[in-house]
2 protein chains.
Amino acid sequence: MTSPLEDDVDRTLVAQLAADGRATLSTLAAAAGLSVSATQARVRRLEQRGVIRGYAADVDPEALGLPLAAFVAITPLDPAQPDDAPARLAELDAVEACYSVAGEESYLLLVRVPSPRALDDLLTEIRQVANVRTRTTVVLQTFFERAARPERR
Amino acid sequence: MTSPLEDDVDRTLVAQLAADGRATLSTLAAAAGLSVSATQARVRRLEQRGVIRGYAADVDPEALGLPLAAFVAITPLDPAQPDDAPARLAELDAVEACYSVAGEESYLLLVRVPSPRALDDLLTEIRQVANVRTRTTVVLQTFFERAARPERR
DNA sequence: GTTGAAAGATTAGGTAA
DNA sequence: TTACCTAATCTTTCAAC
């Protein structure tokens, strides 16, 4: 689905847009050493190849009324029944991410809620909706959350 | 530092920009029912209040050559010495997020690397740099990673 | 908050290497 | 194909109200 970056121009454009999603084509063109229209064509191709999946404002969760984050590891209670837990959990707005993981548990979720009470309610809902056992690790402080950067050489 | 959203116009603008970080002011103005300039002033204020922390392209980690993700729980080996682990770990490009957590371990990291071998090297580096013990949970599949959404009412 | 006009950015269509 | 040029259209900005 996604093809890798092809050259240094692509790398430059992706790095610039990862750092500033609203960078203009002329800014990008200057950084990449291309004309504006060549830059435009490059960016479009990056979008169409799925390298750039979209653009988003980075919003402070606290401003949204979601100051409490937690990791929830979940284990299906009935391994026999069809496992549609991720699809069901995607319906819950509080669930920000869902990973299948190696180890004792099957899935790991990152959730955000307004309060401890709301976390309790959410865990109850997760257990019911997905028929799972939960093990929750509360986030006390977020030191940083940023975009992954490819290793420099 | 960050003030909460003030009214429905703010909520609309933030929701639109979270969904499309490159939305134009005229698009936003139409969604919010304001003039373009009033919209611009609102967005500026949201940025200055820290509600909107920035804008970023959402880049596929695989295209960046980072197909392997893992959660790394870490425990300081020497509780006596000053704990500057988060600051040290921020230096490592492969470390995407760092949280202080409740529970047996002190911190939880999300890391991205090119290969199992690179994960091994990274864990060695994390142990040395931060003087910690690590417990790693490999991500097998990412079902979704998205922006947190405030609960609807 | 609104309007409006100037500066700047984006887009599409055409041309050349 | 890939990059570039140009002109029309949109967008952003900032003044005045």
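Letters go in sequence order (proteins before strands), and every chain restarts at 1.
- The backbone N or O of B:Ala23 sits nowhere less than 3.5 Å from a side-chain atom of B:Thr27 that would complete a donor-acceptor pair.
- Within the structure, a side-chain polar atom (N or O) of B:Arg42 is placed less than 4.0 Å from OP1 or OP2 of C:dG1.
- Residue B:Ser35 has no polar side-chain atom (N or O) positioned under 4.0 Å from OP1 or OP2 of C:dT3.
- Taking the side chain as every heavy atom from C-beta outward, B:Thr136 and B:Phe71 never approach each other to under 4.5 Å.
- Atom CG of B:Leu34 is separated from atom P of C:dT2 by 5 Å (rounded to the nearest Å).
- The environment of A:Gln81 atom CD is dense: over 12 non-hydrogen atoms of other residues, nucleotides or ligands sit within 6.0 angstrom.
- D:dC10 atom C1' lies 13 Å from atom CG of A:Leu25, rounded to whole Å.
- Neither OP1 nor OP2 of C:dT2 sits under 4.0 Å from any side-chain N or O of B:Ser37.
- What separates CG of B:Leu28 from P of C:dG1 is a distance of 14 Å, to the nearest Å.
- Comparing B:Thr27 and B:Arg44, the nucleotide of DNA chain D nearest to each residue sits closer to the 5' end for B:Thr27.
- Note: CD (B:Gln40) to P (C:dA7) measures 17 Å, nearest angstrom.
- Using a cut-off of 4.0 Å between Lys/Arg side-chain N and Asp/Glu carboxylate O, B:Arg112 and B:Glu145 are scored as salt-bridged.
- Taking only side-chain nitrogens and oxygens, A:Arg45 never comes nearer than 4.0 Å to OP1 or OP2 of D:dT2.
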